[in-house]
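To start, the structure under review is shown below, and the notes come after it.
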2 protein chains.
Amino acid sequence: MPNEARPGTGEQAKQLALAKLRQAILQGEMAPAQRLVENELAEQFGVTRASVRAALIDLASEGLVERIPNRGSRVRVVTVEEAVAITECRMVLEGLCAAKAAVEASEEQLERLTGLGEAMSKAVADGEPVTYSELNRELHDRILEFSGQQVAVGLLDRLNAQLVKHRFRLALRPGRPQQSLSQHLAIIEAISARDPQAAEAAARAHLVSVIDALRD
Amino acid sequence: MPNEARPGTGEQAKQLALAKLRQAILQGEMAPAQRLVENELAEQFGVTRASVRAALIDLASEGLVERIPNRGSRVRVVTVEEAVAITECRMVLEGLCAAKAAVEASEEQLERLTGLGEAMSKAVADGEPVTYSELNRELHDRILEFSGQQVAVGLLDRLNAQLVKHRFRLALRPGRPQQSLSQHLAIIEAISARDPQAAEAAARAHLVSVIDALRD
DNA sequence: GTGAACAAAATTGTTGACAATCCTGTTGCT
DNA sequence: AGCAACAGGATTGTCAACAATTTTGTTCAC
């Protein structure tokens, strides 16, 4: 479904508009709750209004923008409350994926996870939060991939797209990497031990801590 | 997001097309994997092609139809494998909602649940599978409502829409009501006891049994 | 001065036509 | 006969203009 379209290559007009709009929203170039006027966007991106319209419909169903009939589109603002609800859903879905990964992953894939764990430990020890953040994301992605649960992966993609803002704030928090590192290592250990219940519990424990942090 | 638009009232053209198309697909009027030609649908529903197009984009992101660029739209066929994956996601999400309902529901709402439980018991005793099926759906809906977890509810709506076919097959199965009744009663009991962990476990146990049944 | 009715501007929703793309059946060459 | 190239038809993607709706600013009565 989300076809991971690269903005660079010459796509179709609608796909291009969709990619550009999504990028603009995700990178925060659009102010929260900013009005998205179809004509302006069409001119800005060099496509026609129909293409912008189609892209907006797509983004609305992804939860990135809000469309009110005859009233236009706005970039959707995710309140802290909603962010917590979203993260609760992430909690159970990633728990499911961790459990399945513990059963389904190959030996090579397990090695990959332990390798990621070591790299994360090193990043924290060296005090490189940016690297750690990237590895963090990589770890989560790999667990989803190895679980083979494509439906859950699709749902999580959608949920994560709505959280970019809050996720950003969270990563910059001092002391947070140290806190989450042990949780991540616990997840890796449980999956490597082929223990689905422990893996699910560890993944959920991690996201419970994220929820607590979200609440400030 | 899905605004629960009633087909009857005079909506906007796109909303009307969307409602009619969704209804047609859900009621099985469209054969599986049938091609959905925009022109035909437009004429059939008495709206313009642009409206049909917008509706198709919406339905594609709901997972009801499949859209291939320059190749058109088909009603999406859900394999048994996918149905299992979807139900696994339902399992953890409904588990989450059951747990939250055990904490958040009011006393009146708890009474409503126990009332539903009694009605379901009666329906099984009287041998009325249709009534039981309706009450079943009602129970699930109420648990979601009482949980207050709107994000999970949205995700579950989307997932359930993809399962209509399989769900149908399941309900007509002889002996299945008796089997699931005790599971449902266990869920109600756990929520009424304000025990979130037990509620989640009961909800998950129920859906594990659904998964087993799905696999034939 | 305040509030309601009204008119003008801005924006979205809709329409029909045009262009690009893809599938199918046929033709021509080896 | 087998296969590549090619037209023909069908379908989707795109466009610019038009209609309907909402919002905003103004005027007028009280």
Side-chain angles (χ1 to χ4, degrees), chain A residues 1-22 24-25 30-62 64-76, chain B residues 1-22 24-25 30-62 64-76:
Chain A
M1 331 262 251
N3 256 342
E4 206 61 40
R6 296 297 170 84
T9 69
E11 297 276 336
Q12 294 213 333
K14 175 206 146 187
Q15 303 291 331
L16 185 139
L18 200 155
K20 285 201 176 184
L21 237 179
R22 182 185 283 139
I25 294 176
M30 306 291 191
Q34 175 174 343
R35 288 200 61 188
L36 299 174
V37 178
E38 297 178 358
N39 257 327
E40 294 178 7
L41 298 175
E43 190 175 0
Q44 184 174 340
F45 296 147
V47 299
T48 55
R49 201 161 72 89
S51 303
V52 171
R53 214 178 153 70
L56 284 174
I57 293 177
D58 252 22
L59 290 176
S61 68
E62 280 181 45
L64 279 178
V65 313
E66 197 176 11
R67 268 174 75 76
I68 308 170
N70 292 320
R71 298 256 241 120
S73 312
R74 308 167 103 80
V75 328
R76 181 150 169 271
Chain B
M1 338 224 154
N3 258 341
E4 205 61 38
R6 294 299 169 84
T9 68
E11 296 278 335
Q12 301 241 72
K14 175 206 147 189
Q15 303 291 331
L16 185 139
L18 199 154
K20 285 202 177 184
L21 236 179
R22 181 184 285 139
I25 294 176
M30 306 292 191
Q34 176 173 344
R35 288 200 61 187
L36 299 174
V37 179
E38 297 178 356
N39 258 328
E40 294 178 7
L41 297 176
E43 190 174 0
Q44 184 174 342
F45 295 147
V47 298
T48 55
R49 201 162 72 89
S51 304
V52 172
R53 220 179 147 68
L56 284 173
I57 293 177
D58 255 22
L59 290 175
S61 70
E62 279 181 44
L64 281 178
V65 313
E66 197 176 10
R67 269 174 74 76
I68 308 171
N70 292 319
R71 297 256 244 124
S73 312
R74 309 169 103 80
V75 328
R76 180 148 171 272

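Here is the naming used below: chain letters follow the sequence lines, and residue numbers restart at 1 for every chain.
With C:dT15, C:dT12, D:dC15 as the choices, the nucleotide that has an atom nearest any side-chain atom of B:Ala50 turns out to be C:dT15. Residue A:Ser51 has its side chain nearest to D:dC15 when only C:dT14, D:dC15, C:dT12 are considered. Among the nucleotides D:dT11, D:dC15, C:dT12, the one closest to any side-chain atom of B:Val37 is D:dT11.
For the pair A:Arg53 CZ and C:dT12 C1', the interatomic distance rounds to 6 Å; values are reported in whole Å. When rounded to the nearest whole Å, the span between CD of A:Glu40 and P of C:dA10 equals 12 Å. For the pair A:Glu43 CD and C:dA10 C1', the computed distance is 15 Å after rounding to whole Å. At whole-Å resolution of the value, CG in A:Asn70 and C1' in D:dA19 are 12 Å apart. For B:Arg74 and D:dT12, the CZ to C1' distance is 14 Å, given to the nearest whole Å. Atom CG in B:Leu41 sits about 13 Å away from atom C1' in D:dT12, given to the nearest Å. Between B:Arg35 atom CZ and C:dC23 atom P the separation is 9 Å, expressed in whole Å. B:Arg49 places its CZ atom 7 Å from the P atom of D:dT12, with the value rounded to the nearest Å.
Residue-level contact check: B:Leu56 touches neither bases nor backbone, having no heavy atom under 4.0 Å from any strand.
Minimum interatomic distance between B:Val75 and B:Ala31 (heavy atoms only, all atoms of both residues): CG2-O, 3.4 Å. Residues B:Leu64 and B:Arg22 come closest through the heavy atom pair CD1-CG, 4.1 Å. A pairwise comparison of heavy atoms in B:Phe45 and B:Leu16 identifies O-CD2, 4.2 Å as the closest pair.
The base of D:dG13 lies outside donor-acceptor range of the side chain of B:Arg71, with no N or O pair under 3.5 Å.
Between B:Thr48 and C:dT15 there is a side-chain polar atom (N or O) within less than 4.0 angstrom of OP1 or OP2.
The 12-atom threshold is exceeded at CD of B:Gln34, counting heavy atoms of other residues, nucleotides or ligands nearer than 6.0 Å.
Note that the CZ atom of A:Arg76 and the CD atom of A:Glu62 stand 12.0 Å from one another [nearest 0.5 Å].
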